[in-house]
2 protein chains.
Amino acid sequence: MPSPGPTFEVLADPTRLGIVERLRSGERNVGALASSLSVCQPGISRHLRILHLAGLVQVRAEGQKRFYSLRPQPFRDLDDWVHELRHLTEGRLDRLATLVEDRAPGSRSARPARWRG
Amino acid sequence: MPSPGPTFEVLADPTRLGIVERLRSGERNVGALASSLSVCQPGISRHLRILHLAGLVQVRAEGQKRFYSLRPQPFRDLDDWVHELRHLTEGRLDRLATLVEDRAPGSRSARPARWRG
DNA sequence: AGCTTATATAATCCTAAGAATATGTGTTTG
DNA sequence: CAAACACATATTCTTAGGATTATATAAGCT
């Protein structure tokens with residue numbers, strides 16, 4: 001059971017997540033990504049470097065352009081990790097917690113308000 | 001289709017990821033987590049607060065102890081997101097976007113040489 | 001050979017976030 | 001009621017990392 005810690009750190013940045021979501025529909029060069037996302041070109045290059053070091057993307061040079069695309073392996077690993085966790089939480093922890101929560105009438109709500117907005 | 005950006009940000013921190021991995025085997029109180037991970041107790045409380053705000057964990061108060069456990073919903077969302085991406089990268093339809101976007105006349109095969117996994 | 005395009009790297013600045021210490025709040029026990 | 005325990009919050013400090021500007025490298029184009 002590998003822990004995809006680095007993958008989480010890489011995808012935590014909104015710009016890098018935006019890059020990955022744009023690469024879902026196919027490979028793109030740096031300039032296309034820089035104009036799509038509202039970040040300057042050196043910023044995109046730096047984020048792509050981080051994504052490449054983490055093994056999330058691969059490069060293909062064509063002329064003076066460099067096309068980046070997703071590598072499937074880290075997403076397979078991530079899927080395995082999350083999928084297992086999903087079934088663990090669906091199985092028993094959830095039920096146990098809600099059961100006990102119902103029998104504590106005076107306690108405050110276990111549900112959070114909202115995330116950042 | 002939902003973007004689990006906040007979930008990535010939350011799980012990017014190694015301490016919080018460690019908390020989640022320990023909660024996989026069931027609920028724990030703050031002291032148990034603080035002694036398991038090598039972080040001081042206020043640090044654990046702060047990370048648990050972040051996890052709670054993000055909806056990843058829920059609390060159950062028993063006496064003076066507070067037991068934290070995982071909530072299944074955000075992991076379901078994360079699993080859906082990653083699972084979809086897994087199949088997109090496994091497939092061959094990223095070639096389509098390549099053909100649409102890059103119509104350089106003189107360029108021969110715009111495909112990646114090999115698709116290493 | 002210059003000139004433009006496409007991308008990478010370097011240097012700087014700045015803000016956000018984690019860690020530790022100290023303290024506050026509530027709960028159990030004597 | 002006081003003392004000890006379990007946890008949360010406040011404060012301070014420090015560092016990591018993202019954004020921007022400027023520059024370097026390299027490939028077309030005329």
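Both backbone and side-chain heavy atoms feed into the values below; hydrogens, waters and symmetry mates do not. In the text below, chain A, chain B and the rest are named by the order of the sequence lines, each starting its count at 1.
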Interatomic distance, [X] [atom1] vs [N] [atom2] [rounded to whole Å]:
X: A:L33; N: D:dA19; atom1: CG; atom2: P; result: 14 Å
X: A:E62; N: D:dA27; atom1: CD; atom2: C1'; result: 13 Å
X: A:L51; N: C:dT7; atom1: CG; atom2: P; result: 16 Å
X: B:F8; N: D:dG17; atom1: CZ; atom2: P; result: 18 Å
X: B:R49; N: C:dA17; atom1: CZ; atom2: C1'; result: 13 Å
X: B:I19; N: C:dA19; atom1: CD1; atom2: C1'; result: 14 Å
X: B:I44; N: C:dA19; atom1: CD1; atom2: P; result: 8 Å
X: A:F67; N: C:dT7; atom1: CZ; atom2: C1'; result: 12 Å

OP1, OP2 of [N] versus side-chain N and O of [X]: anything below 4.0 Å?
X: B:R66; N: D:dA8; value: yes
X: A:N29; N: C:dA6; value: no
X: A:S45; N: C:dA6; value: no
X: A:S38; N: D:dA19; value: no

Checklist entry - Ignoring hydrogens and geometry, is there a side-chain-to-backbone donor-acceptor pair from A:R16 to A:V10 under 3.5 Å? => result yes

Checklist entry - Is there a donor-acceptor contact under 3.5 Å from the side chain of B:R71 to the main chain of B:G55? => result yes

I want to verify a distance call: between [options], whose nearest atom is closest to the [X] side chain?
X: B:K65; options: D:dA6, D:dA22, D:dT9; value: D:dA6
X: B:I50; options: C:dA22, C:dG18, D:dT21; value: C:dG18
X: B:Y68; options: D:dC7, D:dA8, C:dG18; value: D:dA8
X: B:V30; options: C:dA19, C:dT7, D:dC7; value: D:dC7
X: B:Q41; options: D:dA8, C:dA19, C:dA10; value: D:dA8
X: A:H47; options: D:dG18, C:dA8, C:dT21; value: D:dG18
X: A:R16; options: D:dT9, C:dA10, D:dG18; value: D:dG18
X: B:R46; options: C:dA19, D:dT9, D:dT21; value: C:dA19
X: A:Q64; options: D:dG28, D:dA8, C:dG18; value: D:dG28
X: B:V39; options: C:dA19, C:dT9, D:dA6; value: C:dA19

Item to check | Contact check, side chains of A:I50 and A:D13, non-hydrogen atoms, under 4.5 Å | outcome: no

Checklist entry - Angle class for the A:H52/A:Y68 ring planes (parallel below 30°, perpendicular above 60°, tilted otherwise)? => result perpendicular

Item to check | Worked check of side-chain contact (heavy atoms from CB on, under 4.5 Å) between B:L78 and A:L85 | outcome: CA-CA 10 Å; B:L78 191 60; A:L85 194 53; over 6 Å; no

Checklist entry - So, is the end of the A:R86 side chain (NZ or CZ) under 6.0 Å from the ring centre of B:F75 and within 45° of the ring's axis? => result no

Next on the checklist: For a quick check of understanding: with a heavy-atom distance under 4.0 Å over all strands, which category does A:G31 fall into, base, sugar-phosphate or nothing?
Outcome noted: sugar-phosphate

